[in-house]
Amino acid sequence: MLKEITPKSQDYSQWYVDVIKKADMVDYAPIKGFMVIKPYGYRIWEFIQDAMNREFRATGHENAYFPLLIPENLLLREAEHVEGFSPEVAWVTIGGGEPLAERLAVRPTSETIIGSMYSKWIQSYRDLPVLMNQWSNVVRWEKATRPFLRTTEFLWQEGHTVHRTAEEAEQETMQQLEIYRKVIEDELAIPVVPGRKSAGERFAGAVETYTLEALMGDGRALQIATSHFLGQNFAKAFDIQYLDEDGVRKYGWTTSWGASTRMIGGLIMVHGDDKGLRMPPRVAPIQVVIVPIAKNKDAEAVSAYVKNIADELGREFRVRVDDRPEFTPGYKYNDWEMRGVPIRLEVGLRDMANQSVMLARRDTGEKTPVPAAGIAETVRQRLDDIQHTLFQQALEHQKSHTVVVENYRQAEEYGYRGFFEGDWCGRGGCADQLKEATGMTIRCLPLDRQPLGTGCVVCGQPSTERMLFARAY
RNA sequence: CGGGGCGUAGCGCAGCUUGGUAGCGCACUUGCUUUGGGAGCAAGGGGUCGGGGGUUCGAAUCCCUCCGCCCCGACCA
């Protein structure tokens, strides 16, 4: 085990790696680019799943599961889609010891195989809309990988829907984007900027891609969820047709939307500090840890006092009593701080005598004695406050690192760290030049902004778009 | 794919220049003492030195070769 966590300011990448190791979230697998998600990390994923499943069901979606392997001919159906994904597809060519007649792709995403099934299932306008989601793993052969942020295999959910009209499909696309915003801001306490992707950054095969962009602690952007309006591109490629009320056969309009374990990487980078993780209470595997402090002769008395408190809190919160005899209290404080547990209660003889406990907040580091009576209410308030404080701190960071510019060169004085906002003429050439010169890419065209009319930040020509650009993960 | 670095105990490393019984710290096991911010003492266990080949009486160390990992670039939902 590492003894210390590298300070963020010294080396942000090393800090990130140290934190995920110290927090016991992941381990590197024996295959390059793959990782094992350990129970403490996986539990966070389960909370995200719970929150999303609630929202998906409330909007009429059902979970289903489609195959891991996709026959090559299906993957080839949609031209842009193949072109976008083929460089990173892993292929299965042998099964049961025999070479396969047709090689099988390990899914990089499931539009193709789901589209082929939808075409069988849909006959009439009465079969629409089809609203499904699947929780799965996907594989994209990446050259540079980092735990959670970009791994060869990752876990995600992918929603796939078919609609009767373009309007309904567009509405679905926006509705799902809003669900992501809600879960990511309310549960993970990560503020995001919703926007539309520029043509160059669009999902392969989509008509429009919408995104949520978050700003990390080091000033780089992270695309944290996307929702795609696919038009009739996939409906045509997979022959998804229905007979409409007017007796005419028509192509359906499809959408897809996804969010992955990358969100956990965002969670770490947005909230973590030099002591380790800081977990937002709503997705914290352990919300309250209680550390009893007692010499041998007092152990029994303290333990009884702690048990009462733990029982009361355990009815409402996720509580852990750390009574491991082999570690000192100081060790335990550090240990749980690395794991980001929002509230720590230190309980010894002094507290017992005062009928109180010492409450330490992970977000602020503040330590205050609080009465044992009404402890559940106190903890409830503090957890709410921590959830709120983490979001506010992240929002402050985002706001203070968002700069409006009239020319992209102004970003240089900020070291290209942060979100930069400016006008864009809409031409891909300017986007390319921006990237070439600065390493920054267009993160999105924010939904609620209009061009200021100051001219494209790259070429100065009349602008049609307002864009958010940054260096990204 | 280009440039650089590294593979020695679970983790982090020394040893290699100049070949001669494989070491240190942490972790682990046992016992005793400890416990309000990373406890102490004592006794233990743990290694095909990344793989293969060569030189040599003898290779972690020298030579050849293969493999893997990390960082920087390029590429990228």
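Where Gly365(A) and Glu88(A) meet RNA chain B, the nucleotide closest to each residue was compared, and Gly365(A) sits on the side nearer the 5' end.
Separating the CD atom of Glu326(A) from the P atom of rG40(B) is a distance of 15 Å, rounded to the nearest angstrom. With rounding to whole Å, Phe203(A) atom CZ is found 14 Å from rC76(B) atom C1'. Spacing between atom CZ of Arg443(A) and atom P of rC76(B) amounts to 13 Å, rounded to whole angstrom units. Atom-to-atom, OH of Tyr331(A) to C1' of rA27(B) comes out at 9 Å; the value is rounded to the nearest Å. Distance Phe154(A) CZ to rC76(B) P: 17 Å, rounded to the nearest Å. Nucleotide rA39(B) holds its C1' atom 13 Å from the CG atom of Asn334(A), rounded to whole Å. To the nearest angstrom, C1' of rC76(B) lies 13 Å from CZ of Arg220(A). Remark: C1' of rG38(B) and NZ of Lys22(A) are 9 Å apart, rounded to the nearest angstrom.
A search for salt bridge (charged side-chain N to carboxylate O under 4.0 Å, His left out) contacts involving Arg140(A) returns nothing, not counting sequence neighbours. Arg196(A) meets the side chain to side chain contact (heavy atoms under 4.5 Å, CB included) test with Glu208(A), Tyr210(A), Leu445(A), Glu465(A); sequence neighbours excluded. With sequence neighbours excluded, the residues that form a side chain to side chain contact (heavy atoms under 4.5 Å, CB included) with Phe34(A) are Ala29(A), Ile31(A), Trp141(A), Thr152(A), Glu153(A).
Counting non-hydrogen atoms under 4.0 angstrom, Thr109(A) reaches nothing in the nucleic acid. Using a 4.0 Å heavy-atom distance criterion, Glu158(A) is classed as making no nucleic acid contact. Residue contacts shown for Lys367(A) include a base, since a base heavy atom lies under 4.0 Å away.
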Between protein and nucleotides 68-74 of chain B, what N or O pairs are separated by less than 3.5 Å?
from    : atom 1 : to       : atom 2 : distance (Å)
rC70(B) : OP2    : Lys32(A) : NZ     : 3.3

Can you tabulate the close N/O pairs, meaning under 3.5 Å, that link protein atoms to atoms of nucleotides 32-36 of chain B?
from    : atom 1 : to        : atom 2 : distance (Å)
rU35(B) : OP1    : Lys295(A) : NZ     : 2.9
rU35(B) : O4     : Asn296(A) : OD1    : 3.0
rG36(B) : O6     : Leu349(A) : N      : 3.1
rG36(B) : O6     : Arg350(A) : N      : 2.7
rG36(B) : O6     : Asp351(A) : OD2    : 3.3
rG36(B) : N1     : Asp351(A) : OD2    : 2.4
rG36(B) : N2     : Asp351(A) : OD2    : 3.3

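A salt bridge does not link Glu412(A) with Arg409(A): every distance from a Lys NZ or Arg NE/NH1/NH2 to an Asp or Glu carboxylate oxygen is 4.0 Å or more. Note on Arg278(A) versus Asp363(A): no salt bridge recorded, every NZ/NE/NH1/NH2 to OD/OE distance being 4.0 Å or above.
More than 12 heavy atoms of other residues, nucleotides or ligands shown are found within 6.0 angstrom of CD on Gln49(A). By the 6.0 Å contact criterion, NZ on Lys8(A) is enclosed, its count of non-hydrogen atoms from other residues, nucleotides or ligands being greater than 12.
Using atom P as the reference point in both rG19(B) and rC28(B), the two lie 40 Å apart (nearest Å). A gap of 16 Å separates the P atoms of rC49(B) and rC11(B), to the nearest Å. Nucleotides rU34(B) and rA39(B) place their C1' atoms 7 Å apart, quoted to the nearest Å. Comparing the same atom, P, in rU48(B) and in rA60(B) gives a spacing of 13 Å after rounding to whole Å. Taking atom P on both rG45(B) and rU30(B), the two are 15 Å apart, rounded to the nearest angstrom. For the P atoms, the distance linking rG15(B) with rG2(B) amounts to 31 Å, nearest Å. Separation of the P atoms belonging to rC13(B) and rU8(B) is 9 Å when rounded to the nearest angstrom. Between rA22(B) and rA59(B), the distance separating the two P atoms is 12 Å to the nearest Å.
Within the 4.5 Å cutoff, the side chain of Thr402(A) has heavy atoms near those of the Glu421(A) side chain. Side-chain contact check for Phe203(A) versus Leu230(A): some heavy-atom pair is nearer than 4.5 Å.
For rA9(B), there is no paired nucleotide, since no Watson-Crick or G-U wobble pair has both relevant distances below 3.5 Å. In a base pair of the Watson-Crick type (N1 to N3 plus N6-O4 or O6-N4) or a G-U wobble (N1-O2 and O6-N3), with each distance short of 3.5 Å, rU17(B) is matched with no nucleotide. Of the nucleotides present, none pairs with rA74(B) by Watson-Crick or G-U wobble criteria with both distances under 3.5 Å. Figure legend. rU61(B) is base-paired to no nucleotide; pairs are counted as Watson-Crick or G-U wobble with both atom distances under 3.5 Å. With a cut-off of 3.5 Å on both pairing distances, the Watson-Crick or G-U wobble partner of rA43(B) is rU29(B). Across all strands shown, rC49(B) remains unpaired; no Watson-Crick or G-U wobble contact has both distances below 3.5 Å.
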Just list the side-chain donor-acceptor pairs under 3.5 Å for residues 76-83 of chain A, sequence neighbours left out, or say none.
from     : atom 1 : to        : atom 2 : distance (Å)
Glu78(A) : OE1    : Glu80(A)  : N      : 3.2
Glu78(A) : OE1    : His81(A)  : N      : 2.9
His81(A) : ND1    : Ala204(A) : O      : 3.0

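For Arg140(A) and rC76(B), a side-chain-to-base donor-acceptor distance below 3.5 Å is absent, hydrogens and geometry of angles not being considered. Judged by distance alone, with hydrogens and angles left aside, Glu337(A) brings a side-chain donor or acceptor within reach of the base of rG37(B), the pair sitting under 3.5 Å.
Judged by distance alone, the side chains of Ser227(A) and Gln176(A) never bring a donor and an acceptor atom under 3.5 Å apart.
For Arg344(A), whose side chain is taken as the heavy atoms from C-beta onward, the closest listed nucleotide among rC76(B), rG38(B), rG37(B) is rG37(B).
If you run ring-ring contact (aromatic ring centres under 6.0 Å, His included) between Trp257(A) and each of His228(A), His61(A), His160(A), only His61(A) comes through.
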